[in-house]
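Okay, structure first, notes after.
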Amino acid sequence: MIEIRNLHVAIEGKVILSGFSLEIGEGEIHAIMGPNGAGKSTLAKVLAGDPAYEILSGEIIFGGQNILELDPEERAHLGLFVGFQYPLEIPGISNAQFLYTAYCSKLKAHGESLITMEEFMKKLDEKIALLEMKAEFIQRNLNEGFSGGEKKRNEILQMAVLEPKLAILDETDSGLDIDALRLVACGVKRLLTPHNSLLLITHYQRLLDYIRPHFVHIMIDGRIAESGGPELALQVEEKGYDR
């Protein structure tokens, strides 16, 4: 699905990723854990195409091509989705308007016929029902006045509408109480198929109790220090990263 090869990345002259490599296969769930400052969120932003970061060397092969030269929207049209730790609030634009625009942009990029807002709303109602969300949620302005849990669920709704091949969720569990975490995790699980893949970036084991990964990677100082199965997350939870 994606292959990250020996990636070195800096921002404002400071190297954050130093030789990061990772392969994710179709239908696989991977989790990356690590202490603050390890480079986890930097990885998510670089995958999304954040221009603030300088790519020193390396490649990211997705959809059969090196995407480092592609704009964020081009990466999204290939099937890459990033759910951010701190989703932005955009007053004056409803969830429905935002999602319709994003969906039509995807259709246009793939050479498909655009649909009407009425046709889209029928599709959106199906996604709302699948994720067990309230219908009025989509008429509110994008993330404006949302709680932390609502913002994270809204990210999952975007994921449901865009149906990406690879979703990267950056600390989706951050700031959530146990009930909100369960709702978000259950929503993610409903969207997984054997043909799409998921990369979870997290500090804590608790998210992995709901979404069980095939592989867990420990990130230290901008690279993967150790990889293993779900049991690796339990070891970190018990003994910390110093081990």
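Positions are given from 1 along the sequence.
Across every non-hydrogen atom of Pro72 and Gly49, the tightest pair is CG-O, 3.6 Å. Closest approach of Gly34 and Tyr241 over heavy atoms only: N-OH, 3.1 Å. Here the closest non-hydrogen pair linking Ala185 and Leu207 is CB-CD1, 4.3 Å. Of all heavy-atom pairs spanning Thr172 and Lys152, the tightest one is O-NZ, 3.4 Å. Here the closest heavy-atom approach between residue Ile220 and residue Ala225 is recorded as CG1-CB, 3.8 Å. The two atoms that bring Leu208 and Met33 nearest to each other are CD1-SD, 4.1 Å, heavy atoms only.
Atoms CD and CD, on Glu155 and Gln158 in that order, are 5.0 Å from each other to the nearest 0.5 Å. We find the OG1-CG distance between Thr202 and Leu169 to be 10.5 Å, quoted to the nearest 0.5 Å. Taking CG of Leu192 as the start and CD1 of Ile211 as the end, the distance is 7.0 Å to the nearest 0.5 Å. Once rounded to the nearest 0.5 Å, the distance linking CG of Leu183 with CG of Leu131 reads 10.5 Å. If you take CG on Leu47 and OH on Tyr53, they are separated by 11.5 Å, rounding to the nearest 0.5 Å. Between the CG atom of Asp125 and the CZ atom of Phe120 there is a distance of 9.5 Å, given to the nearest 0.5 Å.
Of the N and O atoms on the side chains of His203 and Asn36, at least one donor lies less than 3.5 Å from an acceptor on the other residue. A donor atom on one side chain and an acceptor atom on the other are found under 3.5 Å apart for Asp170 and Ser41. Side-chain atoms of Ser18 and His8 include no donor-acceptor pair closer than 3.5 Å. With no hydrogens or angles considered, a side-chain donor-acceptor pair links Glu26 and His195 at under 3.5 Å. Donor-acceptor pairing under 3.5 Å is recorded for the side chains of Glu171 and Gln85.
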Ignoring hydrogens and angles, write down the donor-acceptor pairs under 3.5 Å from the side chains of residues 104-113, residues two or more places apart or on other chains.
from	atom 1	to	atom 2	distance (Å)
Ser105	OG	His77	NE2	3.1
Lys106	NZ	Leu162	O	2.5
His110	NE2	His77	O	2.8

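Looking at Arg75, its side chain does come within 3.5 Å of a backbone N or O of Ile67 through a donor-acceptor pair. For the pair Asp177 (side chain) and Asp179 (backbone), a donor-acceptor distance under 3.5 Å is present. The backbone N or O of Met219 sits nowhere less than 3.5 Å from a side-chain atom of Lys40 that would complete a donor-acceptor pair. The backbone N or O of Leu7 sits nowhere less than 3.5 Å from a side-chain atom of Arg223 that would complete a donor-acceptor pair. Between the Tyr100 side chain and the Ile115 main chain, a donor and an acceptor come within less than 3.5 Å of each other. Looking at Glu238, its side chain never comes within 3.5 Å of a backbone N or O of Gln235 through a donor-acceptor pair. Asn66 places a side-chain N or O within 3.5 Å of a backbone atom of Ile60 that can act as its donor or acceptor partner. Listed for the Ser21 side chain is no donor-acceptor partner under 3.5 Å among the backbone atoms of Arg5. In this structure, Arg153 contributes its side chain and Gly148 its backbone to no donor-acceptor pair below 3.5 Å. For Glu144 (side chain) and Leu142 (main-chain N/O), no donor-acceptor pair under 3.5 Å exists by modelled atom type.
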Next item on the list: Would you please test Met159 and Leu191 for side-chain contact (heavy atoms from CB on, under 4.5 Å) and show each step?
Entry: CA-CA 8 Å; Met159 178 178 161; Leu191 301 179; 4.0 Å; yes
Check: When you look at Lys151 and Glu89, which way does the salt bridge (Lys or Arg N to Asp or Glu O under 4.0 Å) test go after all the steps?
Finding: CA-CA 9 Å; Lys151 287 182 179 180; Glu89 295 185 12; 3.2 Å; yes
Next item on the list: Please step through side-chain contact (heavy atoms from CB on, under 4.5 Å) for the pair Val9 and Leu56, ending with a clear verdict.
Entry: CA-CA 5 Å; Val9 174; Leu56 303 176; 6.0 Å; no
Next item on the list: Could you walk me through whether Glu126 and Ile128 pass the side-chain contact (heavy atoms from CB on, under 4.5 Å) test, one step at a time?
Entry: CA-CA 5 Å; Glu126 293 174 2; Ile128 289 284; over 6 Å; no
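At most 12 non-hydrogen atoms from other residues, nucleotides or ligands lie less than 6.0 angstrom from CD of Glu69. Other residues, nucleotides and ligands place more than 12 heavy atoms under 6.0 Å from the CZ atom of Arg190. More than 12 non-hydrogen atoms from other residues, nucleotides or ligands lie less than 6.0 angstrom from CD of Glu231. Open room surrounds NZ on Lys45; 12 or fewer heavy atoms of other groups in view lie less than 6.0 Å from it.
For the pair Ile4/Glu23, no side-chain contact is recorded, criterion being any heavy-atom separation below 4.5 Å from C-beta on. Residues Leu22 and Ile24 have side chains in contact (heavy-atom distance under 4.5 Å, counting atoms from C-beta outward). When side chains are defined from C-beta on, Leu70 counts as touching Leu78, because their heavy atoms get closer than 4.5 Å. Between Leu43 and Ile168 there is no side-chain heavy-atom pair separated by less than 4.5 Å. Looking at heavy atoms from C-beta onward, Glu54 lies out of side-chain contact with Ile11 at the 4.5 angstrom threshold. With a 4.5 Å cut-off on side-chain heavy atoms, Leu181 and Val184 do not count as touching. Residues Ser197 and Lys165 have side chains not in contact (no heavy-atom distance under 4.5 Å, counting atoms from C-beta outward). Between Glu3 and Phe62, every side-chain heavy-atom pair lies at or beyond the 4.5 Å cut-off.
For Arg140, the side-chain hydrogen bond (donor to acceptor under 3.5 Å, both in side chains) partners two or more places apart in sequence, or in a different chain, are Glu150.
Close placement of the His217 and His30 rings is indicated, their centers lying within 6.0 Å of each other. Between Phe146 and Phe137, a ring centre-to-centre spacing shorter than 6.0 Å is recorded.
Transitive grouping of hydrophobic side chains (ILVMFWY, heavy atoms separated by less than 4.5 Å) brings Phe20 and Ile201 into a common cluster. Leu80 and Leu157 are not part of a single hydrophobic cluster, where members link through side-chain heavy atoms under 4.5 Å apart. Using a 4.5 Å cut-off between side-chain heavy atoms of Ile, Leu, Val, Met, Phe, Trp and Tyr, with links allowed through other members, Val82 and Ile32 fall into the same hydrophobic cluster. When the side chains of ILVMFWY residues are joined at heavy-atom separations under 4.5 Å, either directly or via intervening members, Leu198 and Met1 end up in two distinct hydrophobic clusters. In the hydrophobic cluster analysis, where Ile, Leu, Val, Met, Phe, Trp and Tyr join through side-chain heavy atoms closer than 4.5 angstrom, Leu199 is grouped together with Val46.
Of the residues Asn143, Asn154, Asn141, the one that meets the side-chain hydrogen bond (donor to acceptor under 3.5 Å, both in side chains) test with Asn95 is Asn154.
With respect to the salt-bridge test (charged N to carboxylate O, under 4.0 angstrom), the residues Lys127 and Glu163 qualify.
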